[in-house]
Each structure stands twice: as structure tokens, then as C-alpha cells.
There are 2 protein chains.
Amino acid sequence: MTELAETITERRRQTRKSIYKYLFCAETSRSKQEIASDLSLSMPTVHQNLSELFQAGFIRRDGMQQSTGGRRAMRLTIAENVRFAVGVSITEDRLRFLAVNLRMQEIAYKNVKLDVSEVNAIGLRLSEELETFLNENGLNRTKLLGVGIAIPAVINVELGKIALAPTLHLKDISLSEITKYLNYPFYVSNDATSGGYAEWYTQPEQNRMAYLSLEGGVGGAVLLNGAPYEGDNRRSGEFGHMCIEPNGLICKCGKRGCLEAYCSASRISDDLGITLEEFFEGLELQNPSYRALWHDLLLHLSIGINNIRMALDCDVILGGFLTQYLEPYLSEIRRIAAELNTFDNNADYIKLCRYPKRASTLGVALYFINEFIENI
Amino acid sequence: MTELAETITERRRQTRKSIYKYLFCAETSRSKQEIASDLSLSMPTVHQNLSELFQAGFIRRDGMQQSTGGRRAMRLTIAENVRFAVGVSITEDRLRFLAVNLRMQEIAYKNVKLDVSEVNAIGLRLSEELETFLNENGLNRTKLLGVGIAIPAVINVELGKIALAPTLHLKDISLSEITKYLNYPFYVSNDATSGGYAEWYTQPEQNRMAYLSLEGGVGGAVLLNGAPYEGDNRRSGEFGHMCIEPNGLICKCGKRGCLEAYCSASRISDDLGITLEEFFEGLELQNPSYRALWHDLLLHLSIGINNIRMALDCDVILGGFLTQYLEPYLSEIRRIAAELNTFDNNADYIKLCRYPKRASTLGVALYFINEFIENI
DNA sequence: GAACTTTTATAAAAGGACTTTATATTTCTG
DNA sequence: CAGAAATATAAAGTCCTTTTATAAAAGTTC
């Protein structure tokens with residue numbers, strides 16, 4: 001794998017990047033003329049930059065175009081397999097590994113059960129399982145861009161530690177406990193933030209959006225002005241701890257009335273002592289206590305969504321594993337939210353996510369894909 | 001006033017703009033070498049661009065620097081008076097006019113009382129008073145960049161109308177009713193949005209911030225990732241209609257439990273039938289019913305602020321005319337907010353604005369200043 | 001199927017904007 | 001007052017892009 005020449009001015013690098021990015025974002029392969037025309041560049045400029053990218057192995061030919069009355073154009077696309085990234089998600093009982101190529105396509109996936117006790121030695125276990133995962137799938141380590149790790153935890157970046165992870169029963173743990181056994185570039189991020197990033201990044205039009213993650217905890221992410229928005233402490237989008245019922249239910253965080261106390265999946269499983277499957281089966285059968293809980297949950301969820309809408313005036317995407325079950329109730333959520341809304345007549349801005357299960361794992365791998373593109 | 005040559009490539013325009021912007025943002029005048037060094041440009045490039053800007057009248061000499069051992073450097077700064085912008089704020093009982101130069105300094109101000117009945121013919125009145133304002137202050141119309149108009153109203157941009165303006169007792173009025181008599185470029189914006197823009201734009205470091213405006217109504221603005229964030233319908237930052245108390249107090253918007261119902265200045269004046277001055281005098285004297293209301297207001301204000309913090313993880317700036325009275329209570333607000341907060345130990349992120357009175361008028365004028373700079 | 005048109009691909013020359021180098025100008029220092 | 005140091009400007013050079021020219025490939029026409 002040859003590398004691109006580095007003795008180049010910033011301007012040229014930008015032009016080259018814009019060409020690569022264009023091919024990366026394009027759904028299908030493109031011809032040189034399409035690139036030149038869409039990027040408002042001259043043919044020779046496109047030609048030269050493509051030659052470099054081609055020589056470095058970052059783009060490849062993809063057949064010839066049908067003639068439109070003259071010489072047939074060569075179709076070009078990115079070489080999707082010259083690099084890959086791995087995302088790992090850590091939850092209470094599982095490690096999930098996902099490897100994706102530069103087209104963000106899955107090239108391997110694995111799901112490892114954990115004992116509760118193992119959380120304390122998670123770093124070593126993660127590293128070992130990662131090596132197994134790479135070996136089992138014959139993945140070439142020299143092509144590995146990096147390993148992203150998604151955790152259901154509030155991360156304090158400055159201090160390099162986990163400030164709070166109620167679902168993992170962790171607090172004030174150093175991040176290096178998790179990462180010190182890794183021999184690859186790594187990046188640690190909150191699971192909801194990663195999930196929102198994945199949903200947003202894989203949209204054809206990277207619109208602004210607020211992502212509300214409904215899992216054991218409730219979190220989220222904010223993607224605005226064409227970029228993820230992190231905030232002062234990479235703690236934006238913590239919608240779960242907005243107070244929507246003063247003196248309301250007590251939350252795992254110790255405060256009262258948090259959105260999370262009302263809308264997390266744990267509220268269902270812990271309060272009733274049943275699984276989500278059992279709950280939604282019972283709900284279908286009109287179990288009255290299930291219905292009461294569900295109605296209260298949807299009401300407070302709608303309040304939370306409406307508050308996000310008031311602040312950000314953008315689509316609100318519902319994500320997290322609870323979302324798998326929400327499709328039949330979406331119209332009800334929209335109805336309640338619309339009633340609460342001062343400005344909108346409907347709540348079509350509420351949408352369900354595309355990856356209720358693997359969003360955070362994907363998102364944290366995308367961090368490296370994106371970095372690769374930005375530095376090409 | 002000569003204009004800059006227009007037959008220029010985009011690249012050169014960017015360089016020229018970066019130089020002008022550098023002088024615009026600098027607190028004091030600068031030398032050529034300072035510009036070259038801070039912008040990583042060579043001296044000849046700086047020299048050439050400055051020559052053009054100088055010839056066009058957009059920058060001026062500002063004396064000579066003390067020598068540091070050789071030829072004295074010429075100090076340069078922007079010509080602040082070659083253009084100006086006017087901001088108008090419309091409220092129930094007043095029109096306020098503010099003219100500012102390119103340094104955002106006030107060059108004229110006027111405050112006109114309105115009869116309640118006049119709201120319906122506001123367009124004509126505004127235009128007439130504007131002409132008077134320009135005449136009285138001898139302002140040169142050829143230098144006028146445009147007239148910004150701030151209204152306490154939700155504006156529907158697509159339909160070009162005021163969707164809702166409870167404090168003005170207006171609904172579904174076309175914007176052209178207000179602007180059709182104006183012979184200048186104009187721009188209409190929500191007052192809280194403009195206020196936030198002014199607070200943000202005049203900060204030396206344009207950090208991210210959420211602006212919460214406390215006036216007769218409660219609104220706000222969101223300024224993130226180095227730019228104002230507008231949202232899908234230019235309706236972001238409508239914090240006043242976040243629900244923070246389900247089934248709580250009824251709001252002017254018709255819903256229940258809105259932040260505005262709890263924290264607007266109208267709550268004080270309407271509920272008690274007194275002015276704000278009277279209220280805060282009575283509060284100092286420990287009037288018990290005043291204290292009860294005030295405590296409830298601060299509690300709900302803190303809930304609202306905390307919710308904004310959870311979503312955006314950035315400074316929350318309190319603005320609007322109620323803010324004039326808040327200084328003695330800031331520590332209490334911070335204390336309550338810190339108690340509500342899951343992550344932060346203190347609430348130093350809550351800050352008071354710099355312009356409790358003229359922020360919206362200034363902000364809407366800044367729209368044109370900013371446009372001028374961006375297109376130089 | 002030869003000649004022509006159309007489209008794609010590449011090479012050579014030219015132009016724009018910046019930097020480097022050189023030189024002039026001004027001011028300070030000994 | 002000569003030399004050093006800093007600022008200001010001019011001339012030459014470099015990089016990257018575009019324009020122009022030309023080659024190559026495929027369809028169209030007679």
C-alpha cells in the first residue's frame with residue numbers, strides 16, 4: 001500500500017480531499033467529468049489528483065460507462081477495503097465487536113457474553129477478545145485504522161476517566177483501565193453520542209438532528225450546523241437528565257423527575273420485573289397495569305421530545321434498543337407531542353432510528369473512518 | 001467612496017476578507033507585520049491587499065507605532081464610519097431605534113412611545129419615525145447598510161408572516177405589513193434571537209452559548225459551533241415553551257407548564273399588578289407573598305436553565321430586561337441549578353448578559369454589519 | 001467503411017496568487 | 001555619523017489551477 005506524497009501545500013490537500021470525499025459520499029461510482037463538473041474544477045486538476053489517489057490505492061476503476069455519443073467514460077469509486085475500523089460496545093453483560101470498511105459496510109461482527117464480575121477487569125478481556133475477533137475473521141491489522149469503544153457512561157475527558165456509569169455500576173474509573181492493553185489507536189465515547197453520530201453520519205443528507213437514545217439509561221446526541229456538537233465537556237445531549245417533573249420519580253443519578261426516570265427501558269424491566277418482550281406482549285393483550293405504565297412513559301417521553309424540539313427546532317430521532325418496539329406507538333407519541341407544541345400542528349419531526357441495535361458500535365467505528373477521510 | 005475591484009478570484013477574496021476580518025475583530029489597531037504573522041501570510045500579500053482596502057476607503061491609518069529598534073510601523077484599523085446599520089425594536093408600547101457603526105458603536109438612539117391602537121398601522125409609523133431618526137441625526141442614507149427589525153414574535157419565514165405575537169396581540173399578520181414602507185434593505189427577526197446574537201457577536205471569543213431571554217415573554221437563542229443556530233424554521237431557542245411542570249400554570253400560548261408561564265416578567269407584573277421596580281423594592285423589604293412568588297420563579301428558572309445545560313453543555317446567558325434585577329440573586333440561581341445537576345458540582349456556567357436593555361435592537365443591526373464583512 | 005461528429009483523456013502553455021529573495025527606507029544605537 | 005535593526009516595497013520564483021490544444025475512443029452519416 002503506497003502512501004500519498006506528503007510534500008504538498010494545504011491548498012492542494014484540500015482539493016484532493018474534496019475529490020476523495022465526493023467519491024466517498026457518492027452512492028455510485030462517478031466519471032471524471034462528473035467530478036469536475038460537480039466540484040467546479042477543471043478536468044486536468046481532477047485528472048492529476050485522481051492519478052495520485054489511484055497510485056496510492058485509495059480509488060479504483062469500476063467499469064466503463066455506456067457511451068452517450070463518444071468515447072466511454074471510466075467509472076471511479078473509492079477502494080473500500082484498503083482500511084477498516086472496529087467499534088466495540090461495552091454493556092453490563094456483553095461486548096459487541098463490529099468491523100466496517102470505508103463504505104461503512106459490516107465486514108465482521110461478534111457478540112461476547114460477560115459475567116457481571118468481569119466489569120472490573122474489562123480492559124484485559126476486551127483486548128483478548130479483540131485479538132480473537134481479528135484472528136477469526138482474518139482481518140489485516142495493518143489496515144486497522146483504530147478501535148472505538150462505546151460505553152454507557154459519562155466520560156470526563158480532561159481527567160481521562162469515567163465520571164459516572166450507573167448501568168455498569170462504575171464510578172470514577174480511569175479510562176486507561178479499559179484502554180491500556182490495546183495496541184491500536186483508540187477512541188472512547190458515550191454510547192448515545194456514538195449512536196446519534198452513526199444515525200447522522202449515514203444519512204445521505206447530513207441534516208441537523210437531535211438523537212434521543214432510549215436504553216437502560218436515556219441519553220442522546222446533538223448534530224447541528226453540519227457537525228456533531230459536543231459542548232464544553234463532551235456532555236451535550238444528556239437529555240435523560242432534563243427535569244420534566246419537579247419532585248417526580250427518583251432517578252439512578254440521585255435527582256428527581258429526570259426524563260430517564262420516566263422513559264428508560266429499565267423503568268419497564270425493573271418496575272415490573274419482566275423482560276421487554278414480555279412487557280410488549282402483555283401490552284398487546286391490554287394488561288391494565290402495563291397500559292398505565294406505558295401511557296405515563298409515552299406522556300413523559302413526549303414532553304421530553306417536545307422540550308428538545310423547542311430548544312433545537314430540528315428532527316428528533318428516537319434511538320436505542322427500546323426503539324425496536326416503538327413503531328406501533330409512533331403515531332400516539334406524535335399525537336401527544338403535537339398537543340404539547342406551541343408552534344407545530346403536527347409532530348412529523350419525530351422519527352425512528354435506522355439502527356436500534358448497533359448504532360453506538362457503528363458510530364464509534366465511524367470516528368476513525370471520518371478521521372481517515374479528513375486526513376487523506 | 002470607491003468600491004473594491006470585483007474581477008477577482010474566490011481565493012483572493014477570501015484572503016482579503018480574512019485581513020479585513022482580522023482588523024475588525026482586533027481590539028486595537030495593528031501593524032502590517034502583526035497581520036502577516038498572525039494570519040500566516042507573507043508581507044507582500046498583506047501589503048497588496050491592504051493597498052486595495054485602503055484605496056477603497058475601508059481601512060485607515062491610526063498613527064505610528066513606537067519604534068522597537070528600527071523604522072516605526074504604521075498602525076492600521078478599519079474605517080468604522082464608512083457604513084452604518086440601524087436596528088429597530090418593536091414592543092407593545094415603544095419603537096426603539098439604534099444606529100451603530102462598523103465597530104458596533106452607538107452613533108444614535110431614539111425611543112418613541114406608541115399608543116396601543118397603533119400596532120395595527122405599525123409599518124407606516126415605523127417608516128416615518130425612521131426617516132425622522134435619520135434626519136435628526138444627520139445620518140447619510142447612502143452609508144446605510146440596512147434596517148433590522150426585532151419583534152417579540154414567532155416568525156414564519158416561509159409564509160413571510162408573524163405566526164404568533166402574544167405580547168403585541170398579533171397573530172397571522174403578514175410581515176410585509178411592517179416592511180412595505182421601507183426603502184432600505186431590511187431583515188426581521190425574533191427579539192430574543194437577536195438579543196442572543198448581539199451578546200454572542202460582541203464577545204471577544206465567540207464561544208458557544210445558550211441565551212435565555214427573560215422579558216414579557218421568555219425566549220432565547222442558540223449559538224454553537226461558531227455560528228448562530230437557527231433550526232428548521234428559525235424557531236430554535238424557544239426555551240419559553242419547554243414544559244417544566246406538567247399540568248402546571250397556564251401559559252399565554254394556551255399550553256400548561258411552560259417555562260414562560262413561570263419565569264416571564266409578566267408573571268410578576270400581571271399576577272401582582274405592580275411594576276418590576278415596586279416588586280423588587282418589596283422583595284428587599286421581605287414582603288412574604290413577593291418572596292413566595294420569587295422563590296417559585298427562581299426554582300422553575302433553575303429547572304429550565306438546568307435542562308438547557310443538559311441538552312447543550314455550554315454557558316447559559318440570562319438576558320432580557322428582567323436580568324437588570326437578577327444580579328443579587330445570581331448566586332441563589334446557581335445554587336439551585338447546581339443541586340438539580342447530575343454532572344456539574346457548581347453552576348458557574350450561568351452568566352448574566354451585558355446588554356439587558358438594547359440587546360435585541362443591537363443584534364438585528366449586527367445582521368447587516370456581519371453581512372457587510374462577509375461580502376467585503 | 002471512410003469521414004465526420006461527439007465525448008473522454010491527457011499534455012502543454014498560461015495565469016493568478018502567494019512566497020522568497022532582494023532592496024529601499026526609516027529609526028535607533030554606540 | 002556609521003552600522004544595525006526594523007519596516008516597506010519591488011522583483012523573481014513557485015505552486016496550483018485553468019485555458020487551450022491535441023490525442024484517443026466511440027457513435028453517426030452517407
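Naming: A, B, ... by sequence-line order, numbering from 1 per chain.
Every residue was checked against the side chain to side chain donor-acceptor pair (under 3.5 Å) condition with B:N49, not counting sequence neighbours, and none meets it. Residues passing the side chain to side chain donor-acceptor pair (under 3.5 Å) test with B:N81, sequence neighbours excluded: B:N101. Scanning for side chain to side chain donor-acceptor pair (under 3.5 Å) contacts around B:S194 gives B:S189, with sequence neighbours left out.
With hydrogens and angles left out, the side chain of B:R72 and the base of C:dT26 share no donor-acceptor pair within 3.5 Å.
B:D232 and A:Y349 are not linked by any side-chain donor-acceptor pair at a separation below 3.5 angstrom, with hydrogens and angles left out of the test. Side-chain contact, A:R30 with A:T77: no donor N or O sits under 3.5 Å from an acceptor N or O.
Taking 4.0 Å as the cutoff to heavy atoms of chain A, we find the contact window on DNA chain D bounded by D:dC15 to D:dG27.
A heavy atom closer than 4.0 Å to some atom of DNA chain C occurs in no member of residues 17-28 of chain B. Taken residue by residue, residues 32-43 of chain A places heavy atoms nearer than 4.0 Å to DNA chain D at A:S40, A:L41, A:S42.
As a whole-Å value, the separation of B:Q65 CD from C:dC28 C1' is 15 Å. Here the P atom of nucleotide C:dT19 and the CZ atom of B:R12 are 11 Å apart, to the nearest Å.
Counting non-hydrogen atoms under 4.0 angstrom, B:S31 reaches nothing in the nucleic acid.
Both the sub-6.0 Å distance and the 45° axial angle are satisfied by B:R358 relative to the ring of B:Y109.
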